[in-house]
Participant: 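Before anything else, here's the structure in question.
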Amino acid sequence: MPELPEVEVVRRGLARWVAERTVAEVEVRHPRAVRRHLAGAEDFGRRLEGERIAVPGRRGKYLWLPLTELAGDSTGTAVLAHLGMSGQLLVQPEDAPDEKHLRVRIRFADSTDTELRFVDQRTFGGLSLHDTTPDGLPDVIAHIARDPLDPLFDDEAFPTALRRRRTTIKRALLDQSLISGVGNIYADEALWRARLHYERPTATLTRPRTAELLGHVRDVMNAALAVGGTSFDSLYVNVNGESGYFDRSLDAYGREGLPCRRCGTPMRRRPWMNRSSYYCPHCQRPPRTTP
DNA sequence: AGATCGCCCTGCTTGC
DNA sequence: TGCAAGCAGGGCGATC
């Protein structure tokens with residue numbers, strides 16, 4: 001559920017409440033939450049302790065906490081976090097009761113009485129420690145493409161890269177090595193705004209049409225970001241445990257049977273890749289099937 | 001080598 | 001009432 005806007009909301013919360021603080025103690029309560037840290041839970045905790053956290057970074061749905069020495073020099077490492085479907089990074093008072101699905105607790109060496117908690121019901125997400133590349137990116141996510149809110153995203157190269165994939169548009173939007181940060185919700189929203197059917201072959205999209213779609217991706221993500229992201233239930237919250245409001249503004253996702261906000265035609269849901277695609281059968285005409 | 005598929009996981013909802 | 005199936009679904013490794 002957390003896609004780029006939700007992850008960015010979390011990143012901003014961490015920048016405010018966790019940056020500049022020094023790790024005192026790490027408690028891994030569920031080994032699966034650190035499974036991507038191949039050296040194991042104990043190593044994960046030991047290597048974090050005593051390090052200071054710098055301003056968190058983000059690419060697509062990944063975020064990371066760069067680690068520095070106390071003097072401020074980079075250690076060349078960062079704690080990488082992915083929220084998966086149900087992960088939360090919460091800044092909680094130390095005496096707050098443990099959440100049912102608390103997986104990792106990080107305590108700090110200061111007199112502020114808050115700690116960082118990774119809570120994850122479905123354990124698709126996790127934390128891990130990695131070396132960073134010269135541009136500060138954790139090395140294991142070097143294959144993740146820049147996201148559409150990244151100032152260095154290459155708008156000129158995108159249509160070309162898109163056409164080169166012989167696939168359909170929604171698959172391409174969800175391909176994190178082509179464009180990152182887009183998940184099922186914002187893909188459906190952007191396609192609705194662009195009046196494009198999810199099975200439209202990428203090869204049939206002109207450069208202007210692709211540029212327009214990219215603009216819609218950015219618009220819907222910025223709109224969601226402005227209201228704290230999308231929350232359907234308590235599974236997605238910011239670091240203070242608060243929900244976002246963008247679910248009220250969704251035009252496609254979850255609106256099966258409800259009238260299209262443009263033309264009034266009942267919206268449809270179709271099974272797609274073991275999940276769902278929501279679309280307006282009038283505004284988003286299916287492509288002609290080629291023999 | 002790029003596209004596709006199955007699997008990981010828990011809790012809520014639905015249907016018999 | 002109780003149980004099982006269905007659904008939510010991102011990312012990765014295996015496979016074609």
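Sequence lines set the chain letters: A, B, ... in the order given, protein chains first and strands last, and positions in each chain run from 1. Below, all heavy atoms of this structure are taken into account, side chains as well, without hydrogens, waters or symmetry copies.
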Participant: What is the separation between atom CG on Leu4(A) and atom C1' on dG11(C), rounded to the nearest whole Å?
Facilitator: 16 Å
Participant: Using OP1 and OP2 only, check whether a side-chain N or O of Lys100(A) sits under 4.0 Å from dT10(B).
Facilitator: no
Participant: So what does His30(A) touch, heavy atoms closer than 4.0 Å: a base, only the sugar-phosphate, or nothing?
Facilitator: nothing
Participant: Taking a hydrophobic cluster as the set of Ile, Leu, Val, Met, Phe, Trp and Tyr residues connected by side-chain heavy atoms closer than 4.5 Å, whether directly or through intermediates, do Phe108(A) and Leu67(A) fall within one such cluster?
Facilitator: yes
Participant: For the pair Ser276(A) and Arg269(A), evaluate side-chain hydrogen bond (donor to acceptor under 3.5 Å, both in side chains) and give the outcome as yes or no after the intermediate values.
Facilitator: CA-CA 6 Å; Ser276(A) 296; Arg269(A) 177 176 75 89; 2.9 Å; yes
Participant: OP1 or OP2 of dC9(B) less than 4.0 angstrom from a side-chain nitrogen or oxygen of Gln121(A), does that happen here?
Facilitator: no
Participant: Could you state the atom-to-atom distance from CZ of Arg32(A) to C1' of dG11(C) in whole Å?
Facilitator: 11 Å
Participant: Are Leu178(A) and Leu149(A) co-members of a hydrophobic cluster defined by side-chain heavy atoms under 4.5 Å apart?
Facilitator: yes
Participant: Let me know the distance between CZ of Arg36(A) and C1' of dG11(C), rounded to the nearest Å.
Facilitator: 8 Å
Participant: Mind calculating the distance between CG (Asp188(A)) and P (dG10(C)) to the nearest angstrom?
Facilitator: 10 Å
Participant: Is the distance between the ring centroids of Tyr278(A) and Tyr198(A) less than 6.0 Å?
Facilitator: no
Participant: Asp120(A) CG to dG11(B) C1': how many Å, rounded?
Facilitator: 13 Å
Participant: From NE2 of His82(A) over to P of dC9(B), roughly how many Å is that when rounded to an integer?
Facilitator: 17 Å
Participant: Quick one: list whatever passes salt bridge (Lys or Arg N to Asp or Glu O under 4.0 Å) with Glu99(A), sequence neighbours left out.
Facilitator: Arg117(A)
Participant: Please give, in whole Å, the distance from dG11(B) P to Phe124(A) CZ?
Facilitator: 13 Å
Participant: The criterion is side-chain hydrogen bond (donor to acceptor under 3.5 Å, both in side chains); which residues satisfy it with Asp95(A), sequence neighbours excluded?
Facilitator: none
Participant: Categorize Arg269(A) for me: base, sugar-phosphate, or nothing, with a 4.0 angstrom heavy-atom threshold over every strand shown.
Facilitator: sugar-phosphate
Participant: Scan nucleotides 1-7 of chain B nucleotide by nucleotide, 5' to 3', and note B when protein non-hydrogen atoms come under 4.0 Å of the base, S if they reach only the sugar-phosphate, - if neither.
Facilitator: --SS---
Participant: Please determine if Arg261(A) forms a cation-pi arrangement with Trp192(A), meaning its NZ or CZ atom is less than 6.0 Å from the six-membered ring centre and no more than 45° off the ring axis.
Facilitator: no
Participant: What's the closest nucleotide to the side chain of His143(A) if the choices are dT10(B), dC12(C), dG11(C)?
Facilitator: dC12(C)
Participant: If I take atom CG in residue Leu83(A) and atom P in nucleotide dC9(B), what distance separates them, rounded to the nearest angstrom?
Facilitator: 19 Å
Participant: Would you say Ser86(A) reaches dG11(B)'s phosphate, i.e. side-chain N/O to OP1/OP2 under 4.0 Å?
Facilitator: no
Participant: Is there a side-chain contact between His101(A) and the phosphate of dG11(B), meaning an N or O under 4.0 Å from OP1 or OP2?
Facilitator: yes
